[in-house]
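Presented below is the structure to which this report refers.
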Amino acid sequence: EKGMGLNAVKHVRSLMSGIFQHAAALGYTTTNPVHFAKVLVTPNAPKATPHYTIMEMASALTVLQGQTQARLVMVLTFIGLRPSEIRGLKREDVDLDGGVLRIRRSAWRSSINEGGKGKNSSRDVTLGPVVMGILKDHMEAQRSQRGFLLENTLGMPLDLDALARDVIKPTFAASGLEWKGYYAGRRGSETEMNRYTNGNSQITSHHFGHTKAVADAHYIKPI
């Protein structure tokens, strides 16, 4: 009734079901009432999720020159990293000689999760010369207190929402670019990579740390 969307309702239902399932395992209840619940109001259908085109990616990296942190964050989204994975990166994960970025953890708010979001999240991502150049520029320009690739003044993982609000969005607006969010870079990356595999997401899904089914359902956009 208040306008909650279909996906949000599904998340709430899943959480409630998990809570009752846990309670049943501990002997506090013998039923899971969520299984019998029905949503009486039709939720709003999810809106189409945006993505950056290859030209928008190139333009973004151009207008962010001089903003080393912002430029690095955006290029990492453009090769398919999740925001939490970007925050969790450490300098030891960067292999410029081998052209590889090792994704080994995620950081959400103040929580550091070794291994990342799920079983497919821990992976090695191959880097090209553009990304390696931006990584090198950032690592030479920025010092690290606790080893994270992107840190705030206290040495903790950088707040990407604040970076978007204070730096990226104003720069985009001044240059006539549309800010579509960080995940739009991940969607654009997977879409462009699939252009070169004739749409075979089985080949590319490991690069993004999820399954083929997730890629097809949520990330690959029409070309």
Side-chain angles (χ1 to χ4, degrees), residues 5-8 10-11 14 45-62 64 71-90 93-108 113-136 138 149-150 160 164 168 172 177-223:
L6 178 61
N7 289 337
K10 287 181 178 180
H11 291 157
S14 177
K47 296 179 180 178
T49 50
H51 72 288
Y52 292 103
T53 66
I54 194 69
M55 291 302 297
E56 288 174 323
M57 295 180 196
S59 298
L61 298 182
T62 298
L64 287 172
R71 196 164 186 245
L72 177 57
V73 168
M74 290 310 298
V75 81
L76 292 177
T77 68
F78 293 156
I79 62 169
L81 270 65
R82 300 177 177 94
S84 61
E85 293 172 342
I86 295 173
R87 294 187 73 234
L89 283 173
K90 292 188 175 181
D93 301 323
V94 181
D95 181 1
L96 292 178
D97 293 330
V100 171
L101 190 62
R102 299 182 180 89
I103 313 300
R104 295 295 183 268
R105 73 194 60 79
S106 62
W108 188 73
N113 181 26
E114 295 294 334
K117 182 180 179 181
K119 64 179 181 178
N120 296 311
S121 298
S122 183
R123 64 198 187 279
D124 291 348
V125 173
T126 303
L127 304 175
V130 173
V131 185
M132 286 194 290
I134 294 175
L135 274 164
K136 184 178 179 181
H138 169 80
L149 185 63
L150 289 145
L160 300 191
I168 302 176
F172 276 24
L177 293 176
E178 181 184 358
W179 167 249
K180 299 179 179 180
Y182 291 123
Y183 265 91
R186 185 168 159 85
R187 298 184 199 103
S189 174
E190 192 145 10
T191 298
E192 287 301 323
M193 189 174 287
N194 272 267
R195 182 193 297 274
Y196 295 97
T197 63
N198 293 320
N200 189 344
S201 55
Q202 184 68 51
I203 298 174
T204 60
S205 58
H206 71 279
H207 175 92
F208 300 92
H210 54 212
T211 64
K212 179 182 185 301
V214 170
D216 293 340
H218 300 291
Y219 285 95
I220 299 173
K221 300 297 180 179
I223 298 174

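Treat the numbers as computed from the prediction; the structure is a model and nothing was measured.
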>> Treating Arg186 as the side-chain partner and Thr77 as the backbone partner, does any N or O pair qualify as donor plus acceptor under 3.5 Å?
In response: no
>> If you compare all heavy atoms of Thr191 against all heavy atoms of His51, which two are closest, and at what distance to 0.1 Å?
In response: OG1-CD2, 4.5 Å
> Step by step, would you call Val75 with Leu61 a side-chain contact (heavy atoms from CB on, under 4.5 Å)?
Replying inline: CA-CA 7 Å; Val75 81; Leu61 298 182; 3.8 Å; yes
> Just by modelled atom types, is the Glu190 backbone N or O under 3.5 Å from a matching donor or acceptor in the His207 side chain?
Replying inline: no
>> Between Ser189 (side chain only) and Gly185 (backbone N and O only), is there a donor and an acceptor less than 3.5 Å apart?
In response: no
> Would Lys180 and Arg187 satisfy side-chain contact (heavy atoms from CB on, under 4.5 Å), going step by step from the backbone distance to the final call?
Replying inline: CA-CA 11 Å; Lys180 299 179 179 180; Arg187 298 184 199 103; over 6 Å; no
> OG1/Thr197 to CD1/Ile203 distance, rounded to the nearest 0.5 angstrom?
Replying inline: 5.0 Å
>> Donor-acceptor pair, distance only, cut-off 3.5 Å: does the side chain of Arg123 make one with the backbone of Ile103?
In response: no
>> For the backbone of Gly209 and the side chain of Arg82, can you confirm whether one donor and one acceptor N or O come within less than 3.5 Å of each other?
In response: yes
>> How long is the straight-line distance from CD1 of Ile168 back to CG of Leu177, given to the nearest 0.5 Å?
In response: 11.5 Å
> side-chain contact (heavy atoms from CB on, under 4.5 Å) between Asp95 and Asp124: does it pass, once the steps are laid out?
Replying inline: CA-CA 10 Å; Asp95 181 1; Asp124 291 348; over 6 Å; no
> If only atom types and distance count, is the side chain of Ser14 paired as donor or acceptor with the main-chain N or O of Lys10 below 3.5 Å?
Replying inline: no
> Out of curiosity, Glu192 CD to Thr204 OG1, how far, rounded to the nearest 0.5 Å?
Replying inline: 12.0 Å
>> Return the CG to CG distance between Leu160 and Leu150, rounded to the nearest 0.5 Å.
In response: 7.0 Å
> Can any side-chain N or O of Asn113 pair as donor or acceptor with the backbone N or O of Ser106 at less than 3.5 Å?
Replying inline: no
> Given side chains that start at C-beta, do those of Val73 and Tyr182 come closer than 4.5 Å, heavy atoms only?
Replying inline: yes
> Should the ring pair Tyr52 and Trp179 be called parallel, tilted or perpendicular, given that the plane angle runs from 0 to 90° and is split at 30 and 60?
Replying inline: tilted
> Distance-only, no hydrogens or angles: does the Asp93 side chain make a donor-acceptor pair with backbone N or O of Lys90 under 3.5 Å?
Replying inline: yes
>> Using side-chain contact (heavy atoms from CB on, under 4.5 Å), reason through Leu101 and Leu81 one step at a time and then give a plain yes or no.
In response: CA-CA 10 Å; Leu101 190 62; Leu81 270 65; 3.9 Å; yes
> How long is the span from the CG atom in Asn7 to the NZ atom in Lys47, to the nearest 0.5 Å?
Replying inline: 12.5 Å
> Between CG of Leu127 and CG of Leu96, what distance do you get to the nearest 0.5 Å?
Replying inline: 7.5 Å
> With Ser122, which of Glu114, Arg104, Arg102 fulfils side chain to side chain contact (heavy atoms under 4.5 Å, CB included)?
Replying inline: Arg104
> So, for Leu64 and Phe172, which heavy atoms are closest and what is the spacing to 0.1 Å?
Replying inline: CD1-CE1, 4.1 Å
